[in-house]
Amino acid sequence: MIIIKSEREIELMKEAGLMVSKTHKYLKPFIKAGITTKELDDLAFDYIKSLGGNAACKGYGGFPGAICISVNEEVVHGIGGKRVLKNGDIVTLDIVVEYKGYHGDSAWTYEVGEISEENKYLLKHTENALYEGLKMVKPGARLGDVSYAIMKYAEKYNLGVVRELTGHGIGNEMHEAPDIPNYGKPHTGPILKEGMCLAIEPMLNLGTRDIYILDDDWTIVTQDGKNSAHFEHTVVVTKDGYYITTPRLN
Ligand code: MF3
Ligand code: CO
């Protein structure tokens, strides 16, 4: 069942989402060659606490980090550790904040120093794929329309679409119904309704779509070792479209 949120619940979704936005803004200047991913994770943990929120990834299914930090060939669920960021890397920060029982979830892939043209292409088109999906979000549309738009865009730019991981409904739980795949068929799936809250999150690869999981039982990496990017927003379905609860802040 896809839960329809009340106005009061949507206000809390917006508050949680804004904490996610602020955390992205806070962390961005620290994303530089020389910092370890553990240092970024600690900064995120302390900052989210200072906002009055909770780093919801911590302990989720036993996940050890405050946020997910995935570098280059890592697709998702990277754990902050000894890895040192270097010039030319790309790094995804996937941040989930819980506040008063509600969640905001947004992933963004950042450049470390000067990155290659190929990596710029990957970032640009993965971000665009997110907005192609979002454009379809409105009452009466079907979830398959969103999935299909993302898939079509990714195919047009020859990027691999990760299939094993999906976007999701979100609210009192980080992951609620429905699953939102980044591939699918138009005019299929549940009908979107005002008040639904969705996290839409294409994960696209420069090479094959195939992935595997590392021995830490969390980090998902590309099979061919090529880079992967991930852009995600949490949105509320509104009367005539959608509202992003995790806006980018400058
Ligand atoms: N933020 C991820 C998502 O988009 C989930 C993080 S998994 C966790 O669904 F275990 F780290 F929480
Ligand atoms: Co998510």
Report task. Keeping the roles fixed (side chain from K25, backbone from N250), state whether a donor-acceptor pair exists under 3.5 Å. Result -> yes

Query raised in the report: Are T92 and D94 linked by a side-chain donor-acceptor pair shorter than 3.5 Å?
Result: no

Query - Residue E173 excluded, over 12 heavy atoms near CD under 6.0 Å - result: no

Query raised in the report: Ion pair present between K49 and D46, side-chain N to carboxylate O less than 4.0 angstrom?
Result: no

Query raised in the report: Going by atom types alone, do H187 and Y148 pair a side-chain donor with an acceptor below 3.5 Å?
Result: no

Query raised in the report: Do you know the tightest heavy-atom contact between E232 and A199?
Result: OE2-CB, 3.4 Å

Requested in this report: Give a yes or no on whether the ring-centroid distance for H175 and Y60 is below 6.0 angstrom.
Outcome: yes

Query raised in the report: Quick one: are D240 and K138 in side-chain contact, heavy atoms under 4.5 Å?
Result: no

**Report entry** Short side-chain donor-acceptor distance under 3.5 Å, E98 and N54
**Finding:** yes

**Report entry** Any R142 side-chain heavy atom under 4.5 Å of I191 side chain
**Finding:** yes

Query - Cationic N near anionic O, under 4.0 Å, K82 to E39 - result: no

Report summary line: When rounded to the nearest 0.5 Å, the distance separating CE of M151 from CG of L204 is 12.0 Å

Query raised in the report: So do V237 and K193 actually touch side chain to side chain, heavy atoms under 4.5 Å?
Result: no

Requested in this report: Would you give the length of the straight line joining atom OG1 of T222 to atom CG of N72, rounded to the nearest 0.5 angstrom?
Outcome: 9.5 Å

Report task. Before giving the answer on side-chain hydrogen bond (donor to acceptor under 3.5 Å, both in side chains), spell out for E176 and H168 the whole-Å C-alpha distance, their side-chain angles and the decisive distance to 0.1 Å. Result -> CA-CA 6 Å; E176 297 182 355; H168 48 94; over 6 Å; no

Report summary line: When rounded to the nearest 0.5 Å, the distance separating CG of L12 from OH of Y102 is 6.0 Å

Report task. For residues D41 and G80, report the shortest heavy-atom separation together with the two atoms involved. Result -> CB-CA, 4.4 Å

Query - Cluster link V162 to I69, ILVMFWY, side chain under 4.5 Å - result: no

**Report entry** Side chain to side chain, V84 and I35, heavy atoms closer than 4.5 Å
**Finding:** no

Query raised in the report: In terms of ring plane angle, is the pair Y157 and H125 parallel, tilted or perpendicular, where the classes change at 30° and 60°?
Result: parallel

Report task. Supply the atom-to-atom distance Y121 OH to T126 OG1, rounded to the nearest 0.5 angstrom. Result -> 9.5 Å

Report task. Examine distances only and state if a side-chain atom of D145 and a backbone atom of P186 form a donor-acceptor pair shorter than 3.5 Å. Result -> no

Query raised in the report: Does the side chain of V235 come within less than 4.5 Å of L134's, by heavy atoms?
Result: yes

**Report entry** Heavy-atom check, side chain of I211 versus side chain of V221, under 4.5 Å
**Finding:** no

**Report entry** Over 12 foreign heavy atoms within 6.0 Å of CD, E118
**Finding:** no

Report summary line: Of all heavy-atom pairs linking A55 and I48, the shortest is N-CG2, 3.6 Å

Query raised in the report: Is K58 reaching over with its side chain to a backbone N or O of P64, donor-acceptor style, under 3.5 angstrom?
Result: yes

Query raised in the report: For the atom pair CG (N119) and CG (D89), what is the distance rounded to the nearest 0.5 Å?
Result: 8.5 Å

**Report entry** Short N-O contact, R83 and E74, less than 4.0 angstrom
**Finding:** yes

Report summary line: When rounded to the nearest 0.5 Å, the distance separating CD1 of I79 from SG of C57 is 11.0 Å

**Report entry** Step-by-step side chain to side chain contact (heavy atoms under 4.5 Å, CB included) determination, I213 to W218
**Finding:** CA-CA 6 Å; I213 185 156; W218 279 104; 5.7 Å; no

Query - Test side chain to side chain contact (heavy atoms under 4.5 Å, CB included) applied to V112 and I31, step by step - result: CA-CA 6 Å; V112 182; I31 303 171; 4.0 Å; yes

**Report entry** Linked, directly or transitively: I67 and L165 (ILVMFWY side chains, under 4.5 Å)
**Finding:** no

Report task. Please check if atom NZ in K226 has more than 12 non-hydrogen atoms from other residues, nucleotides or ligands closer than 6.0 Å. Result -> no

Query - Worked verdict on E11 versus R8 for salt bridge (charged side-chain N to carboxylate O under 4.0 Å, His left out) - result: CA-CA 5 Å; E11 282 317 307; R8 179 189 154 272; over 6 Å; no

Requested in this report: Answer yes or no on whether K22 is positioned over the face of Y47, meaning its NZ or CZ is under 6.0 Å from the six-membered ring centre and within 45° of the axis.
Outcome: no

Report task. Determine whether I180 and L143 make a side-chain contact, defined as any pair of heavy atoms from C-beta on separated by less than 4.5 Å. Result -> yes

Query - Minimum heavy-atom distance L40-L27, with the two atoms named - result: O-CD2, 3.9 Å

Query raised in the report: Do Y183 and F231 share a hydrophobic cluster (ILVMFWY, side-chain heavy atoms under 4.5 Å, transitive)?
Result: no

**Report entry** Minimum heavy-atom distance between P247 and S21, given as atom pair plus value
**Finding:** O-OG, 2.7 Å

Query raised in the report: Any chance the side chains of T246 and H233 put a donor and an acceptor closer than 3.5 Å?
Result: yes

Query - Within one Ile-Leu-Val-Met-Phe-Trp-Tyr cluster: Y243 and Y99, side-chain cutoff 4.5 Å - result: no

Query raised in the report: Do we see a donor-acceptor contact under 3.5 Å between the side chains of E201 and H230?
Result: yes

Query raised in the report: Any side-chain heavy atom of I90 sitting closer than 4.5 Å to one from V71?
Result: no

Requested in this report: Decide whether I244 and L18 are clustered together by the hydrophobic rule: side chain heavy atoms of Ile, Leu, Val, Met, Phe, Trp, Tyr closer than 4.5 Å, transitively.
Outcome: no

Query raised in the report: Would you say K28 has more than 12 foreign heavy atoms packed within less than 6.0 Å of its NZ?
Result: no

Report task. Please report the C-alpha distance between V161 and I150 in whole Å, then the side-chain angles of each, then the deciding distance to 0.1 Å, and finally whether the side chain to side chain contact (heavy atoms under 4.5 Å, CB included) criterion is met. Result -> CA-CA 9 Å; V161 180; I150 293 171; 5.6 Å; no

Report task. Give the minimum heavy-atom separation between G53 and V97, together with the two atoms involved. Result -> CA-CG1, 4.1 Å

Query raised in the report: Between I200 and V137, does a side chain to side chain contact (heavy atoms under 4.5 Å, CB included) hold up when you go through it step by step?
Result: CA-CA 10 Å; I200 296 174; V137 175; 3.7 Å; yes

Query raised in the report: With no hydrogens and no angle check, do the side chains of N205 and S228 hold a donor and an acceptor under 3.5 Å apart?
Result: yes

Query raised in the report: Is K135 salt-bridged to E132, going by a charged N under 4.0 Å from an acidic O?
Result: yes

Query raised in the report: Counting distance only, does the side-chain N/O of H24 pair as donor-acceptor with the main-chain N or O of S106 below 3.5 Å?
Result: yes

